Protein chains: 2
Amino acid sequence: MTARRNEPEQSGTGLRERILDTLRELLRERTFDTLSVAEIITAAGVSRASFYFYFAGKQAVLAELVRRAVGAGHEAAQPWVQAKASPRETLRMGIDAGAGLWQSNAAVLRAIVESWASDPQLRELWLAQMATFTEAAITRIEADRRADPTVQARLDGVDVPALAASLTWTGERLYYLAACGVPPFDDRAVLVDTLTHLWVSALYD
Amino acid sequence: MTARRNEPEQSGTGLRERILDTLRELLRERTFDTLSVAEIITAAGVSRASFYFYFAGKQAVLAELVRRAVGAGHEAAQPWVQAKASPRETLRMGIDAGAGLWQSNAAVLRAIVESWASDPQLRELWLAQMATFTEAAITRIEADRRADPTVQARLDGVDVPALAASLTWTGERLYYLAACGVPPFDDRAVLVDTLTHLWVSALYD
DNA sequence: GCATGACCGGACAGGTTGTATGGTCCGGTC
DNA sequence: GACCGGACCATACAACCTGTCCGGTCATGC
């Protein structure tokens, strides 16, 4: 009997945004898999029906959050992809930017890393994301290879796409562990140094 | 009314083993998280009560399987840890042995990688496992460092424990992706070559 | 013969998901 | 001012799940 229109407190356009914001907020303290739809809608002040009107399930909400979070990721990687100069420096900066990105969106990214295996939609989304980063890395590596004979020599006989993918996934894992607070990666400096060492030694040294 | 003693078909000592075998078998076709206790006990021909008598839950069964599977892993790594000669070759062989191990136990290892985040027991188990491998790597690296001035120079200023942990986790991830059939890692040769390249370039080149 | 340990079916409380039903409010339109 | 449709809500539901508890059955050993 009480379909009182909610006070327009929340700025957002409507329930959809409110649900997204709520999940992002909840993920700060709880793990994605321990969160039930009931909890989300209670926290969001939204009815069950409305929730399912906007989203197919909690995975769909997470997927949207991930899409938004990772958008910024590509921009972070751009400098290294495009730069003409000093691979090492731009590389290190890119890695540090990645760390920053993960720090800002730790909850959401952690959630998808832990969940992509269990949901086809999330799986496709995350694999595509990683593929994009790998693509960017390949582009840059090939450019360096053509420009610098030393690099050319070092990478002789190496499967560059596979190497690029490996480095991308190594990043994923280490950033994730950092987000989980697993030592020694919880120390950002150590994380960035080590990851940089891996990339540099694999590609340029 | 029908507590007919099961035909002693299954060789095993008892239900416990039967449950373990059954889960390992089921994991070949199904994902751990989609498996319910009901399915496991049906397949094992065991009552619900018996199941909970032997195990606290399906996670506990998985934990036991993992413990057994990983035991062999340490043996696989031993040659590289102890060998006095040619790091590269023993390293490559160790990595290949790891690939073999993952191939034989793909289902179980895949399951734990996908589940350790969601269960404290599994988390501790897996982190401990990784720590053990990291320890072994550190031991060997430090030995090489003392023995070989070139290595000493290359690793100057490098956080060896962190590097060793990174390489360990990189292995975890790539083996896992291979087990999932994600290209290009589904090709064992590519996997081993790439992983070897990463280790060698990070440590010795 | 009888206690005991190993094992069963069945039932239960409490939690989960996704869907369906019917009703309330609002901002328009005629 | 009557009316409509869109946005939204509470509630109920079927179909699972999990862990726990119970009374009953069988084989063995004493």
Side-chain angles (χ1 to χ4, degrees), chain A residues 1-23 26-27 30-64 111 114-123, chain B residues 1-23 26-27 30-64 111 114-115 117-122:
Chain A
M1 65 200 69
T2 45
R4 50 181 146 21
R5 190 127 272 63
N6 278 49
E7 323 84 72
E9 25 152 342
Q10 290 286 130
S11 60
T13 343
L15 304 201
R16 193 155 197 284
E17 290 303 318
R18 207 149 86 210
I19 293 169
L20 286 164
D21 286 348
T22 303
L23 178 58
L26 284 175
L27 283 175
R30 305 280 307 279
T31 317
F32 182 67
D33 65 296
T34 68
L35 244 35
S36 71
V37 173
E39 284 179 282
I40 298 172
I41 64 182
T42 302
V46 167
S47 79
R48 193 171 196 71
S50 299
F51 178 90
Y52 280 103
F53 175 78
Y54 289 110
F55 297 100
K58 52 175 192 157
Q59 294 83 357
V61 187
L62 177 59
E64 179 69 29
E114 289 170 358
S115 311
W116 68 265
S118 69
D119 181 272
Q121 305 266 92
L122 295 180
R123 163 183 297 255
Chain B
M1 63 205 70
T2 46
R4 51 181 149 15
R5 191 127 270 60
N6 277 49
E7 322 84 72
E9 22 149 347
Q10 290 287 131
S11 61
T13 342
L15 305 200
R16 192 156 198 284
E17 290 303 318
R18 207 150 86 211
I19 293 169
L20 287 164
D21 286 347
T22 303
L23 178 57
L26 284 175
L27 282 175
R30 308 278 306 278
T31 315
F32 182 67
D33 65 295
T34 68
L35 243 35
S36 72
V37 173
E39 284 178 283
I40 298 173
I41 63 182
T42 301
V46 167
S47 79
R48 193 172 199 72
S50 299
F51 178 91
Y52 280 103
F53 175 77
Y54 289 111
F55 298 100
K58 52 175 190 158
Q59 295 84 359
V61 188
L62 178 59
E64 179 67 27
E114 289 170 359
S115 311
S118 69
D119 181 271
Q121 305 266 91
L122 295 179

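Naming convention: chains lettered A, B, ... in sequence-line order (proteins, then strands); numbering from 1 in each chain. As the structure is a prediction and not an experimental result, all values here were calculated from the model.
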Think [X] has a side-chain N or O under 4.0 angstrom from the OP1 or OP2 of [N]?
X: A:Tyr54; N: D:dC8; result: yes
X: B:Tyr52; N: D:dG19; result: yes
X: A:Ser47; N: D:dA10; result: no

Taking atom [atom2] of [N] as reference, at what distance in whole Å does atom [atom1] of [X] sit?
X: A:Glu17; N: D:dC8; atom1: CD; atom2: P; value: 12 Å
X: B:Ile40; N: D:dG19; atom1: CD1; atom2: C1'; value: 14 Å
X: A:Leu15; N: C:dC26; atom1: CG; atom2: P; value: 15 Å
X: A:Phe55; N: C:dT17; atom1: CZ; atom2: P; value: 16 Å
X: A:Glu39; N: C:dG15; atom1: CD; atom2: C1'; value: 11 Å
X: A:Leu35; N: C:dG15; atom1: CG; atom2: C1'; value: 15 Å
X: A:Ile41; N: C:dT19; atom1: CD1; atom2: C1'; value: 13 Å
X: A:Phe53; N: C:dT21; atom1: CZ; atom2: P; value: 17 Å

Compare all side-chain heavy atoms of [X] with those of [Y] and state whether any distance is below 4.5 angstrom.
X: B:Phe51; Y: B:Leu15; value: no
X: A:Phe53; Y: A:Val46; value: no
X: B:Glu114; Y: A:Glu114; value: no
X: A:Val61; Y: A:Ile19; value: yes

Return one dot-bracket line describing DNA chain C 5' to 3' (Watson-Crick or G-U wobble pairs, both distances under 3.5 Å; ( ) same strand, [ ] crossing, | another strand, . none). ||||||||||||||||||||||||||||||
If you find the nucleotide of DNA chain C closest to B:Ser50 and the one closest to A:Phe51, which residue's nucleotide is nearer the 5' end?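 It is B:Ser50 whose nearest nucleotide is closer to the 5' end.
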DNA chain D: B:Ala49 or B:Lys58, which has the more 5' nearest nucleotide?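 Mapping each residue to its closest nucleotide by heavy atoms, the 5'-most match is B:Lys58.
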Gap between atom OG1 of B:Thr42 and atom CZ of B:Arg48 - 0.5 Å precision: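 Here the interatomic distance stands at 9.0 Å.
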Could you tell me the separation between the CG atom of A:Leu20 and the CD1 atom of A:Ile40, rounded to the nearest 0.5 Å?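 Between atom CG of A:Leu20 and atom CD1 of A:Ile40 there are 10.5 Å.
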Counting only distance, no hydrogens or angles, is the base of C:dG9 paired donor-acceptor with the side chain of B:Arg48 under 3.5 Å?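 Checked by distance alone, the answer is no.
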Determine whether the side chains of B:Ser118 and B:Ser115 contain a donor N or O and an acceptor N or O closer than 3.5 Å.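 B:Ser118 vs B:Ser115: no donor-acceptor pair found between side chains.
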